[in-house]
Structures are given as C-alpha cells and as structure tokens.
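Working notes for the structure below.
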Amino acid sequence: MGTTQLEFDSDVERRVYEYVEVRGAAAREEVRDAVRVAETPGAKPPRSGIESATRLSVPACNEHIDELLDDGALAERDGTLYVSPDAGTDRHETDEFEYVVRPADERDRAAVADLIRSVAAEGAIVVDERVADAVEPRSTNRRTRSDAPTDREGALIRLNDRESRMFFVAEIPGEEDAADETIGWVNVHGFELPAREHTAELTVGVAPEYREQGVGGALLERGIAWADDAGCLKVYQSIPATNEEALDLLETHGWEREATRADHYRIDGELVDEVQLATRLDESD
C-alpha cells in the first residue's frame, strides 16, 4: 500500500517533497538550505573532483515549492509546509457534542501520541504502544537516545513510494480561544513488502469519556475508506481478547475473526489471548 503513484516534474521537486515528508513539516528557508543543486553547468570543477553544490535561489526554491502546492503534494499553513493527504474533513453530531474527523498533520503528533498512550494504559489495547513509539515526539520518546540520528519513523504521516502511514483524528473544535480537543484517532499503516503490499494494519481508539457516541465507528469507516482508495484489499487488526468493546465495534462493522493466539499477552499479571480480525475490501456485499 505504498504511494507508488507519486510523480514529480523534476528531481529537485522530488527531493523537496522527500525532505518535508520524512520530517513531517518544514519551513521554506529550511528546505532551501537543505536541498542543494549542482553548480552552474560549465563551471570549472573543484580540484577534489567532487561536484560542488549550492543553495537554490529564493525564486527558484519558491517555484518548486509552489508547484508541489499546486499539485496537492504539499500544503502550507502559517508558513510551514506539510505533506498533504488527498482527504477532506467530515463533520459529525451526537446528542452530546459536535466533532470533526479530519486528516492529521505534524501539529497533531504530540496529542495523538498522548491519546494512544492513555488508551493503551487501560490494558485493553497493546499493539498501539508500538504505534505511539513510532509517532511520539523525540524529546519524550523513552526508547530513543537523545543523540540518535533522525528516525525515519518520526513523522506522523508517511506517504512515500515505500510505505504509507495515515492518521485521521476526531476533534471537538474549541470555542472562541479554547484549544481544539483530540478525542480519537484511526491509523492505517500500509506495507512495502511485495507479499504484503495489498494489506494494511488499522488501529483505532477513542478517549473513554467520548465512547458509545459513534466516534469509533466514524473513525473506523474513515480509515477503511482511505485504505480502499489506496487500493488495499485487506485490512486487519490484532486485539487482546479482553477488549470486548473493540471486538464488538469491529464485528458490528463486518470484520471477521481469523485466528486466536493463546496466552499471547500478559496484562495486569494475567495471560490473555490475542484475537486477529480482518475485513476484505475486494468483496461485494
């Protein structure tokens, strides 16, 4: 489910996109400083024999960035460039509150990681600890040395020709000057290996105080729609057998149990089975 459809008009545009994509966000001047080009053709080569490189001019850099913005590969907000997933915002209403489901971006990374951690801490979801490790900001990631090289898994959204990792968040918009509140997420992670490129792993979670309001179902449907549009044929998730709420949610939406691995987790000192569920996207109703 890698994004092999990515096409660029030039090598420079490709490198600009890759620089932003691997970091999640970048300013224009940061991109200009990092993406170097060869010196003017015909210039005398250096004695070292290694071709020298220079920064793009401001107009040239802006031209390449503007092309990527026009093509929809990148978006720009408040002077910062982001990868731009081709997805919009859905609005939902419950008896208690209104919320939106939208594509996440790098600004959501800390809130998403915190929510995943809090839900995983309940002991019902285990696999999401790994997801939180992948997206947690480096300064707080307990498993990463502060002097380690930049982690390619660090950006929240990954859309390249090797893999895709997409997040949608459910969010209650803040009133007046109040901050928006992230209340749920869905993560769809595709794989680059040819034998598994038709599959994707999905995880979904909602803050406890907002459950049983349809938020989980809305997120699940949004994640499945994204996987379907990306050409995925099968989406799966593995859940501890004690997570009856998640099992009911998935089975209500047509997921089927494929296997059970006995005593696969230890939760609160007790051995717990893992239930593997999946849904096929290539089968008609």
Side-chain angles (χ1 to χ4, degrees), residues 1-6 21 83 85-88 90 101-104 112 116 119-120 124-135 152-153 155-170 184-206 214-265 272-285:
M1 201 179 119
T3 55
T4 55
Q5 72 275 15
L6 288 173
E21 191 269 345
V83 169
D86 184 15
D90 296 333
V101 175
R102 62 167 177 82
V112 168
I116 294 174
V119 172
I125 299 178
V126 177
V127 68
D128 290 326
E129 286 280 1
R130 187 192 66 228
V131 179
D133 283 342
V135 303
R152 289 185 61 86
E153 291 287 331
L156 183 66
I157 305 298
R158 302 306 312 275
L159 299 174
N160 55 59
D161 59 3
R162 296 172 299 280
E163 68 170 325
S164 61
R165 180 171 68 210
M166 184 64 191
F167 274 89
F168 291 92
V169 293
W185 85 91
V186 62
N187 168 40
V188 183
H189 190 185
F191 295 89
E192 61 184 276
L193 296 175
R196 297 181 61 191
E197 63 183 2
H198 64 291
T199 69
E201 182 178 20
L202 180 149
T203 65
V204 61
V206 178
V215 179
L219 285 164
L220 183 63
E221 291 176 2
R222 190 64 187 272
I224 290 296
W226 171 264
D228 193 18
D229 289 344
C232 187
L233 303 182
K234 177 181 178 180
V235 180
Y236 70 90
Q237 185 174 4
S238 299
I239 301 172
T242 51
N243 192 345
E244 297 179 0
E245 185 177 321
L247 292 171
D248 289 343
L249 172 66
L250 294 176
E251 291 178 331
T252 297
H253 284 79
W255 290 52
E256 297 182 354
R257 301 190 185 205
E258 289 192 328
T260 299
R261 293 200 286 185
D263 299 338
H264 192 66
Y265 301 120
V272 176
D273 294 349
E274 178 188 69
V275 180
Q276 298 174 330
L277 303 96
T279 184
R280 294 292 297 262
L281 307 184
D282 59 338
E283 296 177 349
S284 59
D285 295 334

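All residue numbers refer to positions in the sequence shown, counting from 1.
Checking side-chain atoms of R102 against main-chain N and O of V169 turns up no donor-acceptor pair under 3.5 Å. Looking at R222, its side chain does come within 3.5 Å of a backbone N or O of V101 through a donor-acceptor pair. Of the possible polar contacts, none joining the E21 side chain to the V83 backbone as a donor-acceptor pair under 3.5 Å is found. In this structure, D273 contributes its side chain and D263 its backbone to a donor-acceptor pair below 3.5 Å.
Annotation: E258, atom CD; neighbour count of heavy atoms from other residues, nucleotides and ligands within 6.0 Å is above 12. Applying the 6.0 Å contact sphere to CD of E251 captures more than 12 heavy atoms from other residues, nucleotides or ligands.
Counting only heavy atoms from C-beta outward, the side chains of L250 and Q237 approach each other to under 4.5 Å. No side-chain heavy atom of Y265 sits under 4.5 Å from any side-chain heavy atom of T242. Two residues are said to be in side-chain contact when any heavy atoms from C-beta on lie closer than 4.5 Å; I116 and N187 fail this criterion. Here the side chains of T203 and H189 are not in contact, with every heavy-atom distance at 4.5 Å or above.
Between I157 and A104 the shortest heavy-atom distance is CG1-O, 3.7 Å. Here the shortest heavy-atom pairing between L156 and R165 reads O-NE, 3.2 Å. Nearest heavy atom pair, residue A227 against residue V188, reads CB-CG1, 4.1 Å. The two residues R196 and Y236 come nearest to each other via the heavy atoms NH2-OH, 2.7 Å. The two residues A200 and C232 have their closest heavy-atom pair at N-SG, 3.6 Å. Of all the heavy atoms in V204 and G216, the pair that sits closest is CG2-O, 4.2 Å.
Separation of atoms NE2 (H198) and CG (L281) is listed at 10.5 Å; rounding is to 0.5 Å. The structure places NE2 of H253 at 12.0 Å from CG of D248, a figure rounded to the nearest 0.5 Å. Rounded to the nearest 0.5 angstrom, W255 CH2 and L247 CG are separated by 11.5 Å. Atom-to-atom distance recorded for T260:OG1 and Q276:CD is 8.0 Å, nearest 0.5 angstrom.
Among V186, V235, L219, D229, the one residue that satisfies the side chain to side chain contact (heavy atoms under 4.5 Å, CB included) test with I224 is V235.
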